[in-house]
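Before any comments, here is the structure.
What you see below is based on every heavy atom in this structure, not just the backbone, and it leaves out hydrogens, waters and symmetry mates.
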Amino acid sequence: MAQLRRLEPDSPSRRHDTVYSAWERFVQGEDDLRGVRPEIAISWHRCRDQYRVDPCLTAAPVAVAEADHALEHDVVFAELGFRAAALTHEIGTTGGIVTITDATGRVLAQWGDQATRAAAIDANLAPWFCWAEGTTGTNGMGTALMSYTPVLIRGPEHWCRAFHDWTCAGVAVRDVVTRDPVAVLNVSCWRSDLPATTGTWLGNAATMTQRILRRRAQDDGVELMAAFDHARSRSTTPLAAVDPAGRVVLADDTAGVLLGIPGSTPAPEPAVRWKPELPEFIQAAKYAAKQAARNPEWTGSTQIFTRLANEPTPITFRPVFLSGHLIGNLVWFGRSDGDPLPRTAAGSPRPEHPHRMVATRDNRMVLLRLPEVAVAQSDGNDVWLSTDQGRLRSASPGLDKLESELSGAGFLRVHRQYVVNLSRIREVERRFKGELYLVMDDEEKTMVPVSRRNAPAVRRALAI
């Protein structure tokens, strides 16, 4: 009975703090978010303005979509399940429950304190219910799917009033190649604080699981290179091997020139694979990967503009599988075989880029016009912007995502850690060993290094 008494709700006055007051104003249409953490404010904006989630929702809806994940991601669910089950006793003794969701926010499994699990039933915090942010608002599981870092959602930071009694912490495990979320590991407590070790435990579990995915991805890269060598020995047509995200593991010299990357330079490690300078090619490669995952017999072709010709070049994609799962595509240049890709898959018309960027300063969101931004710099999973309003943290999680959003808007990736606004470059400095540095026109005259692999693209963009 002690456990049941512990779960009895106490006075509602506990909710009337700064965050709850801001929540009340915000759900009524005001934008005064003083005292609300920036990551929560951004999530609330999504829930209210984009998803239109009812803040009076009392329970998560049933998950209607079947899981559509690659078979190799089953290892993620198995690993997370093993780690969660091993911690069941420790989490349970502090009144916590552990949940695992798939990439759609559907709860797959749950462990922990029986009394808390009983309370969770009222909110449908249980297997086969959907906790995606777009259906259930700001919460540990759904908001983690939107983030590249662990998230903590406390009490009234939840979008739906019915969940204000909960404190949740979640972390997403992401595919190391595509960066898409695969699963979320989450700890929740009802009317009590999370265990002090929650953050460390979640971080370690995610890190160990990502490490398994990284090893598998590197093995896949080696196999993709072997498929490239086999195909290259039978044909002289320019050839490249690309992963499902459109990054190049290996290309011959001619294909390397067409793609704007080094030729005959293997890159099996997923973190350092070559990114082509052709957004249309990357988009077509991603489409080809999705088609091949659905139909292993699929091959397709399209046309793209390369750096060397005014006329489009035909390319053909053929998938490569290892033990039944897709590891990438071989791409032949100058050939046109298989199903034609739709025009939109090859990037025509181009998606519109945003007219504004969202950044945060203290507890406020700052809306920036693109010309106000000089440099975006990654710092771990955070992205910092050098702007006319000072140094601000971007609301966009990860430099890769920001680069994708700004593709075609006058921004260029010049280094693993930097994206620059080409119109804000004031000077180009060449160092003793030939290294290039860009001097920006912001107030700090920021110096941005150019990596060797990005130097050719910078020279072309600046016509130097």
Side-chain angles (χ1 to χ4, degrees), residues 246-248 251 253 256-267 269 271-279 281-282 305-308 353-361 366 368-464:
R247 293 182 181 264
V248 180
D253 291 336
V257 172
L258 294 172
L259 294 171
I261 63 169
S264 302
T265 307
E269 169 61 42
V272 297
R273 292 175 184 172
W274 304 106
K275 184 174 182 180
E277 297 175 15
L278 307 174
F281 176 85
I282 295 175
F305 284 94
T306 66
R307 303 290 181 181
L308 299 183
H353 58 72
H355 298 291
R356 290 181 179 271
M357 294 176 63
V358 181
T360 60
R361 177 191 285 127
V366 182
L368 299 165
R369 297 186 304 276
L370 297 188
E372 294 183 89
V373 181
V375 180
Q377 177 185 2
S378 67
D379 180 13
N381 288 311
D382 291 330
V383 176
W384 292 91
L385 306 175
S386 297
T387 78
D388 293 342
Q389 300 188 42
R391 184 173 168 84
L392 304 171
R393 190 175 74 171
S394 171
S396 182
L399 195 62
D400 286 346
K401 186 174 187 297
L402 185 66
E403 179 193 9
S404 176
E405 292 172 349
L406 297 177
S407 176
F411 286 74
L412 181 68
R413 185 74 166 262
V414 300
H415 187 278
R416 180 172 55 86
Q417 290 183 277
Y418 295 93
V419 169
V420 302
N421 186 338
L422 293 171
S423 66
R424 301 293 300 268
I425 298 173
R426 177 65 58 84
E427 300 175 2
V428 180
E429 179 178 314
R430 186 184 297 275
R431 296 289 176 89
F432 176 73
K433 295 184 178 180
E435 307 98 328
L436 293 182
Y437 280 78
L438 307 177
V439 183
M440 310 306 294
D441 69 353
D442 57 330
E443 186 175 343
E444 291 77 18
K445 300 295 185 291
T446 304
M447 297 281 290
V448 178
V450 178
S451 66
R452 292 187 181 275
R453 64 188 290 182
N454 292 102
V458 172
R459 292 192 181 96
R460 280 192 293 270
L462 300 178
I464 58 174

Query raised in the report: Quick one: CG on Asp442 to CG on Leu385, what's the gap to the nearest 0.5 Å?
Result: 11.5 Å

Query - Contacts of type side-chain contact (heavy atoms from CB on, under 4.5 Å), residue Glu429, not counting sequence neighbours - result: Arg431, Tyr437, Met447

Requested in this report: Give the C-alpha distance, both sets of side-chain angles, the deciding distance and a yes or no for side chain to side chain contact (heavy atoms under 4.5 Å, CB included) between Val448 and Gln377.
Outcome: CA-CA 9 Å; Val448 178; Gln377 177 185 2; over 6 Å; no

Report summary line: Residues at least two apart in sequence or cross-chain that pass side-chain contact (heavy atoms from CB on, under 4.5 Å) with Asp253, listed by chain then number, are Ser264

Query - N/O donor-acceptor pair under 3.5 Å between Trp274 side chain and Thr265 backbone - result: yes

**Report entry** Nearest atoms (heavy-atom pairs only) where Leu370 meets Phe411
**Finding:** O-CZ, 3.7 Å

Query raised in the report: CD of Glu435: more than 12 outside heavy atoms within 6.0 angstrom?
Result: yes

Report task. State, to 0.1 Å, how close Leu259 and Leu278 come at their nearest heavy-atom pair, and which atoms those are. Result -> CD2-CD1, 4.1 Å

Report summary line: Scanning both residues in full, the closest heavy-atom pair of Pro276 with Phe281 reads CG-CD2, 3.8 Å

Report task. Drop me the distance from Ile464's CD1 to Leu436's CG, to the nearest 0.5 angstrom. Result -> 6.0 Å

Query raised in the report: Out of curiosity, Glu443 CD to Ser386 OG, how far, rounded to the nearest 0.5 Å?
Result: 11.0 Å

**Report entry** Any donor-acceptor N/O pair, Asn454 side chain to Arg413 backbone, under 3.5 Å
**Finding:** yes

Report task. Supply the atom-to-atom distance Ile425 CD1 to Leu438 CG, rounded to the nearest 0.5 angstrom. Result -> 4.5 Å

Query raised in the report: Heavy-atom distance under 4.5 Å between the side chains of Leu402 and Met357, does that happen here?
Result: yes

Query raised in the report: For the atom pair CH2 (Trp384) and CD (Gln417), what is the distance rounded to the nearest 0.5 Å?
Result: 14.5 Å

Report summary line: Of all heavy-atom pairs linking Arg426 and Asp441, the shortest is NH2-CB, 3.4 Å

**Report entry** Least distance between heavy atoms, Ala267 atom then Arg273 atom
**Finding:** O-CG, 3.0 Å

Query raised in the report: For Glu372, which residues count as a side-chain contact (heavy atoms from CB on, under 4.5 Å) partner, sequence neighbours excluded?
Result: Leu368, Arg369, Asp388, Gln389

Requested in this report: Identify the heavy atoms of Asn421 and Met440 that sit nearest to each other, and give their distance.
Outcome: O-CE, 3.7 Å

